[in-house]
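So you know, we letter chains A, B, ... as the sequences are listed, proteins then strands, and number each from 1. The analysis underlying the following values was restricted to heavy atoms, covering all of them including side chains, and did not include hydrogens, waters or symmetry mates.
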Amino acid sequence: MKSLGFCGFIVVALLAGGAFAAFTNNEYYFTAAYLILQGLIMAIAWNVLGGFTGYVNFGSAGFFALGVYSSVALHRFLPGIGVEAPLVVYILAAAALCGLLGLGTGYLTLRLRGVYFAIATLALAIVFKTFMDNWSYVGAAKGASIATPDPPRLFDGLLSFSSYAKYLFVVMLLLSVAAIAVSRYIVHSRFGRGLAAIRDDELAAECMGVPTLRLKLISATVMGALMGVAGAPYPFMVSFVDPASAFGLETAVNSIAMPMIGGSAYWFGPVLGALLLGTAQQIISVTISSELNVLLVGVLLVTFVIAAPTGIVGLVHEFLRTAAPARLTSRAVVLIAIAGLCFVVGALAIIFNLQLSLQAVQAGTTGTALLGIAGLGAGAACLTGSWGLLKLKTWGPSLTSAAFAASIAVTGAYLWLESKGVVAQALTIAAYTAAIGYLQMRDVRLLYHRRPIAAPAPA
Amino acid sequence: MITDPVLLSNAIVAGLLLGGFYTAVALGLSIAFGQLDIVNIAHPAFIIIGSYFAYLLGAMHGLDPVLTGVILTPLFFVLGIVVYRVYYASFERTGQESLSGLAFFFGLMFIIEVTLILIYGVDYRLVQASYIGVNWKIGIVDIPLRMAIPFATSMLMTIGLYLFMSKTFVGRAILAVSQDRQALQLMGANPVRIKQIAFGLALATASVAGALLIIIGPVEPSINREYIGRAFAIVVLGGMGSLPGTVLAAFILGIAESFVNTFANPSWAPAVAFGALLLTLAIRPSGILGRHS
Amino acid sequence: MAHSFWRRLAGMAGAFTALAVLIPALSAGPALAQEKTIKIGFSMALTGPLGAGGKSALIAMEIWRDDVNAKGGLLGRKVEFVYYDDATNPAKVPPLYTKLLDVDKVDLIVSSYGTNVIVPAMNIVMRKKMVFPSLFGLAVNDEFKYDRYFQIMPAGPDPKVDWSRGFFELAKGKGLETVALAAADAEFSQNAVYGARKNAQAMGFKVVYDKSYPPSTTDFAPIVRAIQATNPDVVYVGSYPPDSVGMVKAANELQLKTKLFGGGMVGLQFAAIQKNLGPMLDNVVNYDFWVPASTLNFPGIDAFLKKYQQKAAGAGVDPLGHYLPPWAYAYLEVLGQAVEDTKSLDQDKLAKHMQTTTYQTIVGPVKFGSNGEWQTSRALMVQFRNLKADDLDQFSKAGSRVVLHPPSVKTGELVFPYRQ
């Protein structure tokens, strides 16, 4: 049954992506979506060793960059011997190379305690970067420029792409789906259970006969290969690669933050985290400032790690364990939807109002600044409310209702001040009102005012 | 060329001076990570905060950076206690240190970096001091004060910390808590309070290290990233929990960098430093002077 | 049952509609601007390694926009900017430029600051056949050979080589023979030293030291000592601000004995660094593009600098604005003049105009060659002279930086040697 659901999910994802590619030719959406999917594959890759096995890799940038540079090197080499290779060759080459690298790294360092491993990966990334800085074949520190190829015509012209960006998006979509499938397969397999045993208590696992070193090495190889795959098409998208940007710390942090936000114990966690964080980052880049992206990741990491260490999926899972232990009830689903709405509203409100407040403070308009700060407060209330809802805190529904009410007030104020996007604002107010109404129902209040039956989930 | 006495002696001296500065950078991490097992990736970011304080007080009141660094240690100490309390309440109490603690400090590092950028911008900051640019020549050896003063300050700080750790009750309790927490409890000390003090001390060293950093060269918020690797490499290389080990490792790293820069191609300096770390991890993970974990 | 089903449906529908409308509504912001304005789109390095320069460039660009709008705009329409921060990160550039062109539908585009954020936009710009005025990218067009690329940096027809040619011609003029080359392992400095190497070999110098160092180097004394050990007549350094400071300080402390020192050191043009280094810069010969000097007093430059310095105070950017800002103003000036002269926004007409016209700008006459670079190089070689410690004002006056090259704008002779 579960597999059927998953297959359905894959089909829907592919169809949605395909429809998206077919119905628009706007390159911006494809390049932005490419970056989000790249983050997704990196998050899934990291999570194989990090979330499933419990070994934190700080050097994600190293594996990613090696995938990038293997493509650059091949791109210089192949035309030289007269071969014009399709993208899939580059991807396979990067997967093989980085998989081997993961294996080698694992062999060197996986006998160390978890924290030493993290530092060793950091050191390795720096060593790789130094090699790339000095390898003139791929441009060394000067960087390498790659001309964007023409979009390919596949199957004798039956399948053609309006731009190379669209082609890359489709490729990335297929790779993402493959990565998700691999990740899910690992979780449900014996291999995955072995990894979980290692994560929970390596010594005990060893005593139980789990071949810890072998499993860890496989895990590291898979991680390396997937990261290489994420990096392989990158030079063709960006057209300029230099060690400073390829080995950037942002790649490493995103690959850790996304699984943590989503939920590192689940195959769906990195997917959700990547989609949420990646989309947020792309939106922030074109609305506020790129610097705020870094702040966003930092704040999210800190808050999630403190308030929701099992991630969003973990929160939902624990919520369901108490609120709908036997089978999925409509009440539980609607509550999750409301919590989700509250979370998204809160996040958007904070981002939007942060920009507004910063601009207003710089321009000196106190009225707008105060409105911005009020919006920030409403956003924070929304986030806390959604957390309280999922954690089954008694104040959950009340705070969420209050937060929605505040959001209605703020949205109304915007509507009154600037009549932009009236339809959107009206619809959101309608949604908030419906949510507040639902939260007052007796059914819901009963859920929050009784003690949870299930024992609290172990850490 | 390596047999040239002028070059050789100067390379050694320059390496020692640099190693002294690296000691200041790694000292706080030696306590936090080496002894308390707290993976404080944000330590270099705190050092940069120290640099900015030194810059501000230098630009506004003409205060000498070393003075600023020393005066502000109580502030950083308190900050350390606060950060530790949050860390303890969220992670240590529930036993989830490894991944969550790392992620927490990673996030903190970015928050510090971006806040500094939002307030001060990305321009490089420098300080003026009477001894910057002055060079003492002793025989064939050059000793630029710009490196020597940080060396001296750092050594004083290290010796002070070492004496504190070995002679006072609190200091010895810190060493004890890293070795055996339960035994410490049985001896009547509160491990949480001891760890709190230790972490406060660790951040207090960041104040001084930051001041030294901005004496040596220009500072801007994202250069904290360049010191993360070095600081951790030094602590691990020297041996977790060993202050003398950290100092030794810092000197080794400094001399290695100095030698590569003088006699070989400087491009490879990072590879040498981190290659040494990887080798150590592969052969003797407990480090040079570390106890077996 | 039926009751809760409708509630559930309502809740879900509301949630999804809200999401579906909110996100495009948020990102559609810039496109909802008033019509009839001329939109100039670009990404700028406002944060990240080149952020300091990018921010100062943006201030200059806004001054240009305000100047133009005060005179009634371009073609009678107000000029408006649509810009985003690319954080000096090449990965951010393709989405931003595709957004500018496909979603925001800007009329004109210009580049960001720095090679590594200009190159990623080239493919996109070439496909859309847009005219692309460019700000300080070194030899970007060598790879692409795009005929609508126009680089405002006056490096000259062969930028990598012309950048340092003046330095080596000065050295040749004094009969010097041996050269030491040192560069940071980063994009610009490696390109600069590549050109220096070519110049040195072409002019018959003997290269006795040729090494690179990682930008994260803390202490430059060992490197300076290694250079000294080879006893070079000439020391050419390609560096970024922190290492420029490190090299100059180390050279002073160790009393580097060489006859000509400097070359391609970025950062020595920045006010805060000049003020901090003061007399340590004496006799250093370095590249620059504009300094206060009688031969470079073009109409409009003084007025511009005054406006810039007013806005820069308190904005956390270079207070004097001699390095990048005049050029950020100029690359828009050139575009604006092309628009006014051709009376159109048609990229073909603009391209032809920019390929053939000599423009009069605040940085002097500007003429582009066939590869989009300046037809004749005007990369300056300046020498710092008689500097006082901790004094910012001396740099805003002529005399602190004497122009030695090119001969057309020379204001003094080389003080030689750097140190004996």
Side-chain angles (χ1 to χ4, degrees), chain B residues 1 4 6-7 10-11 13-15 17-18 21-22 25 114 117-128 132-137 142-147 213 216-223 225-227 229-230 254 257-271 273, chain C residues 45-56 88 182-185 210-230 240-246 248-250 252-255 267 270-273 275-280 315-319 389-390:
Chain B
M1 260 225 302
D4 178 351
V6 179
L7 274 183
N10 274 300
V13 170
L17 293 180
L18 186 61
F21 167 64
Y22 282 160
V25 170
V114 175
I117 291 181
L118 287 175
I119 303 178
Y120 295 110
V122 288
D123 236 343
Y124 280 94
R125 306 290 175 183
L126 312 101
V127 287
Q128 292 278 25
I132 296 183
V134 175
N135 188 38
W136 284 350
K137 210 163 167 72
D142 287 303
I143 301 189
L145 286 188
R146 186 173 53 99
M147 301 295 294
L213 177 62
I216 293 182
V219 165
E220 61 100 17
S222 58
I223 73 174
R225 304 176 185 198
E226 289 166 19
Y227 286 93
R230 278 181 184 138
E257 252 188 59
S258 177
F259 267 65
V260 173
N261 285 348
T262 312
F263 298 112
N265 194 343
S267 271
W268 293 100
Chain C
L46 298 173
T47 51
L50 292 178
K55 269 168 88 167
S56 68
T88 329
D185 264 327
D210 187 359
K211 302 217 173 106
S212 304
Y213 56 83
S216 59
T217 308
T218 317
D219 183 22
F220 289 86
I223 297 177
V224 172
R225 215 172 267 117
I227 293 177
Q228 180 77 90
T230 60
Y240 281 79
D243 15 313
S244 303
V245 171
V248 168
K249 287 192 174 171
N252 263 276
E253 285 155 4
L254 302 180
Q255 303 270 296
F270 301 168
I273 292 181
K275 178 168 178 249
N276 185 276
L277 290 176
M280 292 198 219
V317 290
D318 188 311
D390 214 17

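- A donor-acceptor pair is defined here as one N or O able to donate and one able to accept, closer than 3.5 Å; no such pair exists between the side chain of B/Arg146 and the backbone of C/Lys249.
- For C/Asn276, the parts lying near chain B are the backbone and the side chain together; criterion is any non-hydrogen pair under 4.5 Å.
- Between B/Pro221 and B/Tyr120, every side-chain heavy-atom pair lies at or beyond the 4.5 Å cut-off.
- Between atom CZ of residue C/Arg225 and atom CG of residue B/Asn261 there is a gap of 11.0 Å, rounded to the nearest 0.5 Å.
- Ranking C/Asn252, C/Val245, C/Leu277, C/Val224 against chain B, the residue ahead of the rest is C/Val245, based on heavy-atom pairs under 4.5 Å.
- Remark: side-chain polar atoms of C/Ser212 are not paired, donor with acceptor, to backbone N or O of B/Ser267 under 3.5 angstrom.
- The main-chain N or O of B/Ser258 is found under 3.5 Å from a side-chain atom of B/Thr262 such that the two form a donor-acceptor pair.
- Within the 4.5 angstrom heavy-atom criterion, no atom of B/Leu145 approaches chain C.
- No donor-acceptor pair closer than 3.5 Å links the side chain of C/Asp219 to the backbone N or O of B/Leu18.
- Proximity to chain B (any heavy atom under 4.5 Å) is shown, for C/Asp210, by neither the backbone nor the side chain.
- The choice from B/Asn10, B/Asn135, B/Ile216, B/Ile117 that makes the most heavy-atom pairs within less than 4.5 Å of chain C is B/Asn10.
- For B/Arg230, the part lying near chain C is the side chain, with the backbone staying farther off; criterion is any non-hydrogen pair under 4.5 Å.
- Ranked by heavy-atom pairs under 4.5 Å with chain C, the list B/Leu126, B/Ile223, B/Asp142 is led by B/Leu126.
- In this structure, C/Phe270 CZ and C/Ser244 OG are separated by 8.5 Å, a value rounded to the nearest 0.5 Å.
- Between chain B and the residues C/Pro49, C/Pro242, C/Gly51, C/Ala389, the largest count of heavy-atom pairs under 4.5 Å involves C/Pro242.
- A side-chain donor-acceptor contact under 3.5 Å links C/Asp243 to the backbone of C/Tyr240.
- Chain B forms the most heavy-atom pairs under 4.5 Å with one residue out of C/Ile227, C/Thr218, C/Leu254, and that residue is C/Thr218.
- Across B/Ala14, B/Gly15, B/Pro266, B/Ser222, the residue that shares the most heavy-atom pairs under 4.5 angstrom with chain C is B/Pro266.
- Interface remark: C/Val317 contributes backbone atoms only to the contact with chain B (heavy atom separation under 4.5 Å).
- Ranked by heavy-atom pairs under 4.5 Å with chain C, the list B/Gln128, B/Arg225, B/Glu226, B/Arg125 is led by B/Gln128.
- The contact between C/Lys55 and chain B is made entirely by side chain atoms (from C-beta outward), counting heavy-atom distances below 4.5 Å.
- In this structure, no portion of B/Val219 lies under 4.5 Å from any heavy atom of chain C.
- When every heavy atom of B/Val134 is checked against every heavy atom of C/Glu253, the shortest pair comes out as O-CG, 4.4 Å.
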